[in-house]
Amino acid sequence: MTDGWPSGRGPGPLMPGTADRAARRAEERARDRDQRAKERLAASEQRSESRAAQRDLQSQERERARESRRIEDDQRIKARLDAPPTNDVEALKISKRRRSGALARSGDESKTDRDTRSYKTIVDVARIRTLADRGASLSGLAGAFGITIEEVEAALSQTTPQT
């Protein structure tokens, strides 16, 4: 009588039911393999969903922070513009603060007239002659250069130096 294990003489005849046990064991291994694959798939889907939820939460937090920064900036700008300047340096900083051109393009902010009282125009006789040759009127030249019409006539009547 044998105990079901092959003897050292080589592979002997299998005991009855040995093939069934091998088939059952193969089926168990296949089921376990499928179960592990399903568990891995479920775990990866869960990780993917949690990452998506986390990204969504982070983007909402960033948007809230961006909105609060915008509100704070608007309040800070409004407070600085409403406050009287304490000295010329602060007034210069306030006047240099620029917003993007989006407000002007959308029509929410109208164009302000530039103060040109301190601008100096260089009166160049050659430029006056060039513009006059192109058809500029005497009154237009006088207004552009900030001189009288008589001065424009005098500049045009001067002879150009020969080089």
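In what follows, residues are counted from 1 in the order of the sequence shown.
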Partners passing side chain to side chain donor-acceptor pair (under 3.5 Å) against Gln54 (at least two apart in sequence or in another chain): none

With rounding to the nearest 0.5 angstrom, report the OG to CD distance, Ser50 to Glu45. 12.0 Å

Output for pair (Arg31 CZ, Arg24 CZ), nearest 0.5 Å, gives 10.5 Å

Are any of the side-chain heavy atoms of Arg127 and Phe145 separated by less than 4.5 Å? yes

Does any N or O in the side chain of Ser48 come within less than 3.5 Å of the main-chain N or O of Ser44, such that one atom is a donor and the other an acceptor? no

Arg66 atom CZ, over 12 foreign heavy atoms within 6.0 Å: yes

Intermediate values then yes/no, side chain to side chain contact (heavy atoms under 4.5 Å, CB included), Val125 and Leu156: CA-CA 7 Å; Val125 176; Leu156 291 174; over 6 Å; no

Salt-bridge present (Glu72, Arg69; N to O < 4.0 Å): no

Test item: Glu49 side-chain N/O and Gln46 main-chain N/O as donor-acceptor pair under 3.5 Å: no

How long is the straight-line distance from CD of Gln158 back to CD1 of Ile128, given to the nearest 0.5 Å? 8.5 Å

Salt bridge or not for Arg70 and Glu67, using N-O below 4.0 Å? yes

Between Ser157 and Ala154, which heavy-atom pair has the shortest distance, and what is it? OG-O, 2.9 Å

Could you walk me through whether Asp133 and Arg129 pass the salt bridge (Lys or Arg N to Asp or Glu O under 4.0 Å) test, one step at a time? CA-CA 6 Å; Asp133 290 342; Arg129 282 198 186 102; over 6 Å; no

Could you measure the distance from the CG atom of Asp34 to the CD atom of Glu39? Nearest 0.5 Å is fine. 11.0 Å

Side-chain contact, heavy-atom cut-off 4.5 Å: Ile147 with Leu141? no

Under a 4.5 Å cut-off applied to non-hydrogen side-chain atoms, are Asp74 and Lys78 in contact? no

Salt bridge present between Arg25 and Glu28 (N-O < 4.0 angstrom): yes

